[in-house]
Number of protein chains: 2
Amino acid sequence: MRKSTLSLVDDRPMRGANHSASAPVPPDGPDFELIELLFFAYRDFVGEPDRLLARHGFGRAHHRVLHFINRHQGLTVAELLDILEITKQSLARVLKDLVRGGFVEQRAGAEDRRQRLLFLTPRGQALAQGLAGMQGARIARALGATGAAHRPVIARFLAELIDSERGAEVATDPAAS
Amino acid sequence: MRKSTLSLVDDRPMRGANHSASAPVPPDGPDFELIELLFFAYRDFVGEPDRLLARHGFGRAHHRVLHFINRHQGLTVAELLDILEITKQSLARVLKDLVRGGFVEQRAGAEDRRQRLLFLTPRGQALAQGLAGMQGARIARALGATGAAHRPVIARFLAELIDSERGAEVATDPAAS
DNA sequence: GAAATATGTCAACAACATTGACTTAAATGG
DNA sequence: CCATTTAAGTCAATGTTGTTGACATATTTC
């Protein structure tokens, strides 16, 4: 229905001379447009996977676990906790769901047998790929519309948004420099 | 502490010739780097305001309400629900907190007295500005590091990430065209 | 063999969302 | 004018995801 249509984002009048080139809409106050674009973009970015996850009885937390195990097969529980920045009790709940459902497998570490190394089963990989496919397609579409050549700019901006402790690990382009 | 340091993002080898110009790291599969950058960037983007909100006993939901009332003073409850895409029961809880705390004021609509028009009190404006200041500063920093001239590219990309029904309302640059 | 480490688990609780049902007040339309 | 619709508020139950705190178990390390 979407009846009441306020114009979202950018009904702020531009201050000063801001016409053609040089400084494209530099806000004096906070950049409300980008603040809101981030909010709406992220909501839709995770909203689509949410609907697929719901069909398995899973939620966003399961998505994140699937994603990072997929990306770093064989990582330990401690490493996963370090990435997600949640407590082990929070992780335990969703991890248990995923193991019981046959999406994740745990094997004792070879060197340190206290560790539980985490792997995706074929089933887990299929789901992880389905989810990544949705988000990847959305990104590809947006990138195509924006101009794929601008990808490094976008990656850099997002990396710079991250708290610096973490940012060090997220090189925009390891080949550059 | 951050002891276990996996290299997050982009440990995928580049496929094909991908050296200098033309197509900067175009992924064949899903673009894991941007997927993860969005996750980490958004987490830190909202994480900082969270800590200020916690000092008032508020959470993220209060932040969103404060933000959009600030941006659209006098909007109706229905309009706010339409923006946030949550149920009125969810909104009611946080709105009640904000009204009781003296951050938000409700006035009956002039034409339609069933409507409750929402306004920020000076106190509410102060908090909203504090929160927007944090996020704005983070964006300004990231934009500065990336090159402020690229702002339209970034805004465009984020806008394209949004589901198209909403995207129509989020013009990247209303002056253009 | 004692201490530290990796993991798991139980319990209580909080924030934020949902669905469903119902109320009140005001506007609207025959 | 009265019936219907609309805007908003409320009560209750429930689910997901996070938290703290306490404790158990197995294994490694010193």
Side-chain angles (χ1 to χ4, degrees), chain A residues 1 3-4 39 43 46-47 49-67 69 74-101 104-118, chain B residues 1 3-4 39 42-43 46-47 49-66 69 74-101 104-118:
Chain A
M1 266 304 161
K3 182 170 50 173
S4 59
F39 168 65
R43 182 173 66 184
V46 296
D50 278 353
R51 295 191 285 276
L52 171 55
L53 289 156
R55 295 212 284 272
H56 293 270
F58 293 152
R60 236 169 253 187
H62 301 85
H63 184 180
R64 295 196 278 264
V65 169
L66 281 168
H67 174 93
I69 298 180
L75 89 175
T76 66
V77 169
E79 285 165 341
L80 185 51
L81 288 174
D82 194 52
I83 293 172
L84 296 175
E85 292 179 6
I86 58 175
T87 58
K88 67 178 167 180
Q89 296 92 327
S90 283
L91 176 57
R93 196 169 349 124
V94 297
L95 198 49
K96 205 182 295 185
D97 293 341
L98 291 169
V99 170
R100 270 205 317 261
V104 170
E105 239 180 51
Q106 306 191 335
R107 302 176 210 156
E111 308 145 33
D112 188 336
R113 288 200 335 252
R114 291 172 302 180
Q115 295 180 336
R116 295 290 173 266
L117 274 37
L118 302 171
Chain B
M1 270 300 162
K3 183 171 48 173
S4 60
F39 168 64
Y42 192 77
R43 182 173 64 183
V46 297
D50 279 353
R51 294 192 286 274
L52 171 55
L53 289 156
R55 296 213 284 271
H56 293 270
F58 293 154
R60 235 168 255 186
H62 301 85
H63 184 180
R64 294 195 279 263
V65 169
L66 281 169
I69 298 180
L75 89 174
T76 65
V77 170
E79 285 165 341
L80 186 50
L81 288 174
D82 194 52
I83 293 171
L84 296 176
E85 293 180 5
I86 58 174
T87 59
K88 67 179 166 180
Q89 295 92 327
S90 282
L91 176 58
R93 192 172 357 105
V94 298
L95 198 49
K96 206 181 292 184
D97 293 341
L98 291 169
V99 169
R100 269 205 317 260
V104 169
E105 239 181 52
Q106 309 192 12
R107 302 176 210 156
E111 308 145 33
D112 188 336
R113 288 202 331 255
R114 292 171 302 178
Q115 296 180 334
R116 295 290 173 266
L117 274 37
L118 303 171

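So you know, we letter chains A, B, ... as the sequences are listed, proteins then strands, and number each from 1.
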Undergrad: Among residues 55-64 of chain B, which residues get a heavy atom nearer than 4.0 Å to DNA chain C?
TA: B/Gly59, B/Arg60, B/Ala61, B/His62, B/Arg64
Undergrad: When rounded to the nearest 0.5 angstrom, what distance separates CD in B/Glu85 from CZ in B/Arg64?
TA: 11.5 Å
Undergrad: Rounded at 0.5 Å granularity, tell me how far CG in B/Leu98 sits from CD1 in B/Ile69.
TA: 7.0 Å
Undergrad: Roughly how far, to the nearest 0.5 Å, is the CG atom of A/Leu66 from the NE2 atom of A/His56?
TA: 9.5 Å
Undergrad: Go through the structure and list residues passing salt bridge (charged side-chain N to carboxylate O under 4.0 Å, His left out) with A/Arg93, not counting sequence neighbours.
TA: none
Undergrad: B/Ala61 and B/Val94: which non-hydrogen atoms are nearest, and at how many Å?
TA: CB-CG1, 3.6 Å
Undergrad: Please give, in whole Å, the distance from D/dT17 C1' to A/Leu95 CG?
TA: 15 Å
Undergrad: Nearest whole angstrom, please: distance from the P of D/dG18 to the CG of A/Asp97.
TA: 12 Å
Undergrad: Let me check the geometry of the helix from C/dG1-D/dC30 to C/dG30-D/dC1. What is the bend angle between the axes at its two ends, five pairs each, to 10°?
TA: 20°
Undergrad: Between A/Leu75 (CG) and C/dT7 (P), how many Å, whole number?
TA: 9 Å
Undergrad: Quick one: pull up CD in A/Gln89 and CG in A/Leu81 and give me the separation to the nearest 0.5 Å.
TA: 9.0 Å
Undergrad: Could you pull out the closest heavy-atom pair between B/Ile86 and B/Leu91, with the gap in Å?
TA: CD1-N, 3.8 Å
Undergrad: Considering only side-chain heavy atoms of B/Ile86, which listed nucleotide, D/dG18, C/dT18, D/dT10, is closest?
TA: C/dT18
Undergrad: For B/Arg93 and D/dT14, what is the distance between atoms CZ and C1' respectively, to the nearest whole Å?
TA: 12 Å
Undergrad: Could you work out, with ring-ring contact (aromatic ring centres under 6.0 Å, His included) as the rule, every residue matching A/His63, not counting sequence neighbours?
TA: none
Undergrad: Please name the pair of heavy atoms, one in B/Glu105 and one in B/Arg107, separated by the smallest distance, quoted to 0.1 Å.
TA: OE1-NE, 3.5 Å
Undergrad: Considering only C/dG8, C/dT9, D/dA7, which nucleotide approaches the side chain of A/Val77 most closely?
TA: C/dG8
Undergrad: Determine which pairs satisfy salt bridge (Lys or Arg N to Asp or Glu O under 4.0 Å) with at least one residue from residues 50-59 of chain B, sequence neighbours left out, and list them in order.
TA: B/Asp50-B/Arg60
Undergrad: When you measure from the side-chain N and O atoms of B/Gln115 to the phosphate of D/dT6, is any distance below 4.0 Å, counting only OP1 and OP2?
TA: no
Undergrad: Give a yes or no answer on whether the side chain of A/Arg43 reaches the backbone of B/Leu84 with a donor-acceptor pair at less than 3.5 Å.
TA: yes
Undergrad: For every nucleotide of nucleotides 20-30 of chain D, 5' to 3': is a protein heavy atom under 4.0 Å from its base (B), only from its sugar-phosphate (S), or from neither (-)?
TA: BBB---BBS--
Undergrad: Without decimals, in angstroms, what is the distance between B/Leu91 CG and C/dA15 P?
TA: 17 Å
